[in-house]
Amino acid sequence: MRFVGGKFLHLIVVILAVTVLTFAMLDLLPTSAAYAVAGANASAHDIAAIQEDLGLGDPALVRYGKWLAGVLRGDLGVSLVSGQPVAQAVASHLPATVELVVLAQLFTLLIAVPVGLFSAWRVDSRFDRFCSALGFGLTSIPSFALAMVLVYFLALKLKWFPAVGYAPLSAGIWPNLKSLFLPAVSLALVEWVILMRVLRSELIATLQEDFILLARAKGLPAWKILLQHALRPSLFGALTVFGLQVGNLIGGAVIVEQLFALPGIGRLLLAGIFAQDFTMVQGCVLLIAVAYVAVNFLVDVGYGLLDPRVRCGGVVRG
Amino acid sequence: MDRKAGGVFWLAVAWLVLVAALAVSAAWWPLPAPDQIDWVRLTAKPGDGGHLLGTDSLGRDIAARLLFGARVSLFVGFLAPCIGLLAGGLLGILAGFYRGTFDALIVVIIDTLLALPRLVLLLVVAFVFGSSLFSLTLSLGIVIAPSVARIVRALTIRIAEREFILAARAAGASDAAIILREILPNVLMPMLVYMLVITALVIVAEGSLGFLGLSVASPMPSWGGMIAEGRDVLAEHPHVSMIPAAVMFLTVLAVNLLGDRMRGWLDVRESQL
Amino acid sequence: MQTRNESRTQPAWAMGLCLLALLAILIQGAPASASGPVQGGSLTVGIEEDFVGFDPIKARFLGAMDRNVLLAVEERLFDIDAKGNLVPELALSASTSADGKVWTIRLREGVAFHDGTPFNADAVVAHWQRLLDPKNRYMGRSALEPIESVTKADDHTVRFTLKRPWILFKTQIGSAGFAAVIPSPKAVQEDTQNRAPVGTGPFVFKEWVRNDRLVLVRNPNYWRKGRPYLDTVVFRPMPDMQARFSALQAGQADAIVTDRGAHILQAREDRTLKVYSGDFAGPYTFLFNSSKPPLNDPRVRRALAHAWNQEFLVKADFRGTIPVVADPYGGSPDCGDSGYRNHDLAKAKELLAEYGQPVALELAHTNTPRGKEAGEIAQRLFKEAGVTLTLTPLAPGEVFRKVMNGEYQISSWRFSDYPDMGPYLQESLGSKGRVNFSGYASPAMDGHLLAQATSNDAEVRKKALCGVARTINEDAVFLYLGGRRFHILAKADVQGLSAKQHPVVRVGDVWLAGGARMQQAPR
């Protein structure tokens with residue numbers, strides 16, 4: 001329990017530090033939020049009035065204090081630009097992001113695990129070489145180029161999927177999945193490679209250990225050796241990578257969200273930075289940081305499940 | 001593992017040498033300046049009007065822009081990982097070696113930088129310092145540093161527990177001597193391999209930033225910017241976007257292949273990274 | 001018709017063909033439209049950015065896309081036609097007193113807001129008093145300064161009392177801006193108007209999910225019987241222009257708003273798509289800061305005007321889909337060439353030589369592909385004249401800040417569009433103008449501006465406005481980056497669209513040929 005307690009404290013400190021850092025960085029920017037809000041025909045008088053309305057006149061430390069006090073009361077403030085409560089805006093952008101991450105990582109797993117297992121079982125086979133070459137190719141393309149190609153062929157030429165737009169779950173599960181398929185695939189096509197490589201190399205090492213050789217000697221079928229004996233001890237690296245990927249995709253899939261016009265957190269954040277909508281940026285950053293930290297926490301818990309020794313705090317893995 | 005170099009490896013090396021040579025000699029080729037506009041030939045096909053690879057939608061020579069763009073990609077691709085490696089490596093080794101409160105502090109810094117959305121960092125740097133080659137390289141370096149620090153720290157902890165470190169300590173070696181003579185060489189090798197992986201990622205990242213319009217300032221061309229600029233004429237003049245995309249693809253592929261072979265030779269396991 | 005013509009002589013036969021062709025043009029080749037508007041169906045419109053908000057005070061300014069919704073959900077007292085005449089909407093008639101200082105407006109009876117509140121004089125008066133009250137700090141209040149008060153004469157009559165006769169009253173009341181549209185007083189009072197607008201219009205607001213969609217549904221109780229035709233309208237913000245065009249091609253959007261030349265040309269070639277265009281005032285410009293050296297020297301500004309090449313920008317960046325302009329009026333009034341300074345490198349160099357010092361400048365532009373491209377062209381053009389230009393891409397709010405505080409040398413700047421540009425230009429270019437951010441001042445300009453402001457005579461005003469345009473070019477106050485042409489690309493079966501009157505997709509007039517086609521049918 002002490003392990004969990006110490007970890008928890010660490011996480012709180014990290015989240016606080018992220019918000020302080022964001023606030024400090026935003027403070028470096030010229031405060032032109034009032035100008036963005038007022039539009040092109042405002043007078044100096046109007047601008048001053050808006051500055052006051054938005055509370056931008058206070059020093060940064062006071063504003064941070066107010067913001068933090070609000071957050072502790074469960075109030076993320078309102079958008080400087082639209083006046084919409086930040087919590088409401090973030091909540092309305094969450095479904096698309098969460099669904100995109102879940103679907104993308106599902107595809108990633110569906111490709112990476114079988115390929116990793118098979119490649120490790122038959123190292124340097126034709127399949128292994130083909131997959132590693134394919135992997136090199138896919139990781140050498142920016143995801144937006146990949147998305148452009150997918151849209152061109154699968155949406156515009158074949159019309160199998162919508163080219164852009166998000167159909168919420170309320171519109172039905174099938175339209176919802178169809179609208180997220182291309183964005184998720186364009187993310188997964190890059191992500192699986194990294195996951196597969198890590199998994200493959202750990203599997204290769206595991207497969208050389210004594211207990212596997214023993215299992216082989218006993219004549220167990222390949223699938224049984226791989227799935228029941230080799231996979232579990234080879235998952236540490238893959239789990240780390242998987243956690244990092246999930247953490248990065250929350251709010252980090254900006255380009256894909258932009259290309260497919262998905263209402264995700266990344267787009268909200270990007271628009272917030274461009275409009276210098278500080279409260280909105282802070283809200284997004286808070287959510288992203290909490291999500292990142294939570295995912296990492298789960299990964300740590302995952303280590304414990306894979307290997308009970310971790311609970312004593314002994315094993316440190318990159 | 002396959003320890004032979006092989007034809008593919010030499011092809012990759014040859015491509016990278018070629019790109020590097022062209023980037024260095026960019027200004028000496030008999031090509032139009034990368035920002036010079038051919039007023040009458042917009043989106044010209046390769047070969048038209050003396051434009052080897054055609055022109056983009058503003059009538060600028062694609063070949064010339066590729067050469068100068070190579071400077072950006074290689075500069076960023078080489079220097080940003082170096083910055084990340086230096087800063088991250090230093091923090092990681094110190095944290096892993098000294099542990100204790102100092103380590104706890106470094107871990108908080110690392111986790112904070114990792115949890116901070118990269119976009120915020122990159123955009124704020126671009127807004128405050130302008131989108132110059134220098135600020136782009138620096139901000140990408142800062143983005144890289146925490147992941148490097150995390151890995152180096154884990155490696156250092158593992159190495160510091162080994163017998164030869166204890167032996168050195170028993171022999172009265174100072175901390176600095178242990179770090180420089182015993183730990184650094186052991187951390188360096190896997191890190192150099194890792195650097196090639198990062199180089200590939202950074203070149204792609206520059207492309208993505210170019211797509212968002214956040215890469216280097218004009219008139220300096222960048223590959224990512226070129227791909228993005230050609231996007232809206234993709235249907236009728238695919239070469240404007242596809243030529244820089246192909247060059248970027250081949251370059252990143254070459255770096256990736258190089259990294260893979262070196263990993264094979266040095267026998268660095270992927271899971272260590 | 002054709003059968004009757006067959007036996008006639010050849011010229012008549014040819015004339016018949018011509019008539020047929022004319023008819024075909026008139027009905028635009030869609031056989032279904034011959035039967036007139038059809039009820040039902042859903043229309044999805046892809047727009048450039050998300051909406052800002054719909055309450056005039058809460059939203060603070062009218063976002064570029066907001067009018068699309070504003071004019072579908074809410075209505076004005078009057079629309080205004082191309083000739084400047086009032087066309088009754090929520091009002092029936094307007095009459096002015098002999099001294100021109102009182103306007104009496106009779107309102108339509110039996111109209112109700114979507115929330116059930118009756119539309120009457122109280123609603124109109126409440127709206128106007130709210131805007132005019134200085135406490136509320138309505139951003140557009142200074143433009144309404146001549147209005148003394150708005151009062152209720154009886155339940156369906158309101159009276160606008162002016163401080164002095166005001167020729168722009170009709171323009172204000174019929175504009176497509178915030179002041180002219182009448183919101184439900186209940187929604188305003190309950191503070192829901194900004195995010196869930198309520199009006200009397202053909203469509204009822206249903207939902208707005210930020211960055212994703214804004215949905216309108218048919219108003220079953222609309223006072224214009226038989227209108228609107230569509231059951232549902234969905235606006236989807238798609239900031240990426242490629243995504244917007246892909247959405248139209250793949251069928252996720254029935255109409256899109258775009259200014260991308262390549263897509264407009266492609267749509268013209270595509271038989272399944274149609275292009276609607278309209279020209280408006282308020283050009284895109286590079287604004288010079290005339291208050292600081294070196295741009296306070298007219299010779300430098302003139303040199304840059306000759307180094308600049310608007311035709312090339314329009315050709316390269318817009319593929320010729322927007323007009324090259326020499327004045328800020330979008331065609332009304334038409335001022336001819338206005339002494340526009342053409343691309344002339346020799347002359348540019350000559351003027352710079354006269355100035356005698358090296359010129360290095362910074363251009364602040366919006367961080368968009370459009371801003372970047374125009375900047376890169378300027379950078380190269382100026383370089384050929386010997387002027388070094390540094391580009392600084394900025395967020396839109398930051399461009400505003402720099403320009404408003406005079407912390408810039410050259411900046412990308414879009415002039416607002418008004419049916420009558422006169423008063424706005426007076427504020428923007430006059431030596432005492434409230435929004436004169438260029439720091440430009442000249443007696444000649446002030447003279448023309450005063451002349452247009454003080455006259456009620458159309459010819460005199462036209463002459464004065466063209467004088468303004470001529471002085472802009474003479475003194476090179478700013479550079480034109482092409483005129484404002486608004487484009488809608490739509491599927492061929494979308495009928496009733498027009499881009500002429502306002503830069504808005506007027507969904508209230510739209511119907512789908514072939515009736516209620518299934519929009520979301522599985523493919």
Side-chain angles (χ1 to χ4, degrees), chain A residues 29-47 49-50 53 79 81-84 88-89 92-93 96 148 151-152 155-156 159-168 171-172 174-175 178-179 257-264 267-268 270-271 273-277, chain C residues 44 46 49-53 55 58-63 137 139-140 142-143 194-195 209-213 236-240 242-253 367 394-405 407 413-416 424 427-428 434-435 437 520 522-523:
Chain A
L29 298 179
T31 45
S32 48
Y35 294 86
V37 167
N41 293 325
S43 65
H45 184 73
D46 295 333
I47 298 288
I50 296 173
D53 278 1
S79 156
V81 174
S82 68
Q84 187 186 19
Q88 191 190 334
S92 76
H93 285 72
M148 274 157 61
V151 167
Y152 188 76
L156 294 185
K159 305 216 179 231
W160 287 353
F161 301 97
V164 295
Y166 170 67
W174 184 236
K178 255 170 78 173
S179 75
E257 286 175 7
Q258 192 94 341
L259 274 177
F260 289 97
L262 302 179
R267 238 173 105 196
L268 191 66
L270 187 71
I273 297 176
F274 271 107
Q276 311 204 327
D277 189 347
Chain C
T44 304
E49 54 189 68
D50 205 357
F51 304 99
V52 175
D55 180 290
K58 287 283 155 57
R60 294 203 179 88
F61 75 103
L62 190 64
R137 295 207 300 243
M139 288 286 151
S142 56
N194 199 34
R195 302 197 43 78
V209 182
R210 223 162 225 293
N211 282 333
D212 185 35
R213 63 187 186 276
R236 302 202 88 140
M238 302 170 178
D240 188 83
Q242 191 69 44
R244 216 152 53 230
F245 191 58
S246 300
L248 181 68
Q249 288 177 306
Q252 278 87 55
N367 195 347
L394 297 168
E398 188 56 12
V399 174
F400 284 151
R401 189 183 68 82
K402 288 206 173 232
V403 171
M404 287 176 185
N405 294 330
E407 295 168 8
W413 193 251
R414 189 175 86 68
F415 280 85
S416 303
Y424 170 63
E427 298 290 357
S428 312
R434 197 174 55 86
V435 290
F437 301 124
Q520 307 298 334
R523 283 167 214 280

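Chain letters run A, B, ... following the sequence lines, proteins first and then strands; every chain starts at 1.
Listed by chain and residue number, nothing satisfies the salt bridge (charged side-chain N to carboxylate O under 4.0 Å, His left out) test with C:R195 (two or more places apart in sequence, or in another chain).
A:R267 CZ to C:D212 CG: the interatomic distance, rounded to the nearest 0.5 Å, is 8.0 Å. A distance of 12.0 Å separates CD in C:Q252 from CZ in A:F161, rounded to the nearest 0.5 Å. Remark: C:N194 CG to A:Q84 CD distance equals 10.0 Å, nearest 0.5 Å.
Between A:Q258 and C:P239 the shortest side-chain heavy-atom distance falls below 4.5 Å.
Listed here is the closest heavy atom pair of A:F274 and C:N367: CE2-ND2, 3.8 Å. Taking both residues in full, the closest heavy atoms of A:V151 and C:S246 are given as CG1-OG, 4.2 Å, listed atom of the first, atom of the second, then distance. Heavy atoms only, all atoms of each residue included: C:A247 and A:A163 are closest at N-CB, 4.4 Å.
When heavy atoms are compared at a cutoff of 4.5 Å, C:D50 does not approach chain A at all. If you measure heavy-atom distances from C:R137 to chain A, the contacts under 4.5 Å come from the side chain alone. Looking at A:P168, only its side chain comes within 4.5 Å of chain C, counting heavy atoms on both sides.
Top candidate by heavy-atom pairs under 4.5 Å with chain C, chosen from A:A261, A:S92, A:P162, is A:P162.
Applying the side chain to side chain contact (heavy atoms under 4.5 Å, CB included) test between A:V164 and each of C:R244, C:Q242, C:M238, C:R236 identifies C:M238 as the sole match.
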